[in-house]
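Here is the structure we will look at.
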Number of protein chains: 2
Amino acid sequence: MRTGTHHSPAELPAELFKALGDQTRLRILNLLLHARKRVCVCEMVDALQLPQYQISRQLAVLKRVELVDAEKSGTWVYHGLDPEHYALSRLAPVLRELLQGEPFDRDRARLDRRLSMRDGERCVVGFVDSISIPENAQQ
Amino acid sequence: MRTGTHHSPAELPAELFKALGDQTRLRILNLLLHARKRVCVCEMVDALQLPQYQISRQLAVLKRVELVDAEKSGTWVYHGLDPEHYALSRLAPVLRELLQGEPFDRDRARLDRRLSMRDGERCVVGFVDSISIPENAQQ
DNA sequence: GCGTTATATGCACTACTAAGCATACAGTAA
DNA sequence: TTACTGTATGCTTAGTAGTGCATATAACGC
């Protein structure tokens, strides 16, 4: 069990909001809030259509503030929201409301297609590159 | 009336959280949430015990994301939360809950002393330097 | 006009942060 | 072992954000 935060308690809220202050990290949180289960990195790569290193990197930031934790299973790493986080329950409804429109809607749609490729609870396909979604507009 | 945000709508939530991701700005918001009325810069200087330029500067950031707006009255400028902000009503309860403990509690106490020096709704004393509060611990 | 007070801001400096690329690490399968 | 795949991370670079100081702006009183 992880115990230490690396910040003075007095600045915890600032660190928390700083972690939320990035588009990529909000897109990741949008996926996790939507999926309501752990999601592995390759699934996020396909859903967000971003390079794998960007997602790993931003996940590390979210883990540092303990919004996200990880569970390893073989080569795959499943990341999920930490329901124990001291502010998540209050923050989640606000995030759900704010993370609407593009790119958040399309990200959720791509994640759904990607998650439908699972074998039960397990990710089995690795990087699929380009989950096709009716792209009425690009971006 | 200010109309334009300077950010693409798709990144508005990220810009909003970025604005919340700073200790000084959270301390300012804490004051405004507590006061439930407009507060002028010199009152914030005394409550937060920070240099005036820091407060003006961070207020400018909060105004850029339109969480805060200002009303001028002579030399004094009264800053307040913008109740029209698209996310403030959802965010305010979360902020109230997170902005507890030090330095937020003491900031609110100092603001109360400072506000008690008002003449009705008007700030009349300028910089008082060191609103005395039982400082059981320094900082 | 002048001086004074309240607030905002230009500048220099420092520190941090995200992106991009390559590579390291870990686990699987042969 | 070797090859391969999923994930994490070291490094560099570019852009950005906070601080501190000085100064500018604005409104007041004389």
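Here is how names work: the chains are called A, B, and so on, in the same order as the sequence lines, proteins then strands, and each is numbered from 1.
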Worksheet entry | Lys/Arg-Asp/Glu bridge criterion (N-O < 4.0 Å) met for Arg38(A), Glu121(A) | no

Discussion item. Here's a test for you: under salt bridge (Lys or Arg N to Asp or Glu O under 4.0 Å), which of Lys37(B), Arg122(B), Arg113(B), Arg118(B) qualifies with Glu43(B)?
Written reply: Arg118(B)

Discussion item. Both Cys40(B) and Thr24(A) contact DNA chain C. Taking the nearest nucleotide for each, which residue is further toward the 5' end?
Written reply: Cys40(B)

Item to complete: Show the numbers, then the answer: is there a salt bridge (Lys or Arg N to Asp or Glu O under 4.0 Å) between Asp105(B) and Arg108(B)?
Response: CA-CA 5 Å; Asp105(B) 295 347; Arg108(B) 287 192 298 272; 2.4 Å; yes

Worksheet item: Quick one: which of dT7(D), dT7(C), dT9(C) gets closest to the side chain of Trp76(A)?
Response: dT7(D)

Item to complete: Starting at atom CE of Met44(B), determine the distance to atom P of dT7(C), rounded to an integer number of angstrom.
Response: 9 Å

Fill in: Between P of dA19(C) and CD of Gln23(A), the distance in whole Å
10 Å

Using a cutoff of under 3.5 Å, can you pull out all pairs of nitrogen or oxygen atoms linking the protein to nucleotides 25-30 of chain D, with atom names and distances?
from    : atom 1 : to       : atom 2 : distance (Å)
dA26(D) : O3'    : Lys72(B) : NZ     : 3.4

Worksheet item: Quick one: CZ on Arg64(A) to CG on Leu16(A), what's the gap to the nearest 0.5 Å?
Response: 13.5 Å

Practice prompt. Determine whether Leu62(A) and Val77(A) fall in the same hydrophobic cluster, where Ile, Leu, Val, Met, Phe, Trp and Tyr are linked whenever their side-chain heavy atoms lie under 4.5 Å apart.
Written response: no

Worksheet item: Side-chain N or O of His79(B) less than 4.0 angstrom from OP1 or OP2 on dA8(C)?
Response: yes

Discussion item. Distance check needed: dT17(C) C1' versus Asp22(B) CG, whole Å only.
Written reply: 15 Å

Item to complete: Tell me whether Met117(A) is reachable from Tyr78(A) by hopping between hydrophobic residues (I, L, V, M, F, W, Y) whose side-chain heavy atoms are closer than 4.5 Å.
Response: no

Discussion item. I'd like to know if Gln58(A) reaches the base of dA18(C) with its side chain, counting only an N/O donor and acceptor under 3.5 Å.
Written reply: no

Practice prompt. State whether Arg57(B) places a side-chain N or O below 4.0 Å from either non-bridging phosphate oxygen (OP1 or OP2) of dA17(D).
Written response: no

Worksheet item: Which whole-number value in Å describes the distance from Asp46(A) CG to dG6(D) P?
Response: 10 Å

Worksheet item: Quick one: Arg122(A) CZ to dT5(D) P, roughly how many Å, whole number?
Response: 20 Å

Worksheet entry | For atom CG of Leu50(A) and atom P of dA18(C), their distance in whole Å | 14 Å

Discussion item. If I take atom CG from residue Leu81(A) and atom CG from residue Asp69(A), how far apart are they, to the nearest 0.5 angstrom?
Written reply: 8.5 Å

Item to complete: Round to the nearest Å and state the distance from Arg38(B) atom CZ to dT7(C) atom C1'.
Response: 16 Å

Worksheet item: Counting just side-chain N and O atoms, does Gln54(A) come under 4.0 Å of either OP1 or OP2 of dC21(C)?
Response: no

Discussion item. Is a donor from one side chain sitting under 3.5 angstrom from an acceptor on the other, for Asp107(B) and His34(B)?
Written reply: no

Item to complete: Figure out the CZ/P separation between Arg27(B) and dG18(D), and round it to whole Å.
Response: 15 Å

Discussion item. For a quick check, tell me whether the side chain of Gln52(B) and the base of dA6(C) share a donor-acceptor pair closer than 3.5 Å.
Written reply: no

Discussion item. So, OP1 or OP2 of dC16(C): does either fall under 4.0 Å of a side-chain N or O from Lys18(A)?
Written reply: no

Discussion item. For dG20(D) and Tyr53(B) - does any side-chain N or O of the residue sit under 4.0 Å from the phosphate oxygens OP1/OP2?
Written reply: yes

Worksheet entry | 5'-most by nearest nucleotide on DNA chain C - Val61(A) or Val77(B) | Val77(B)

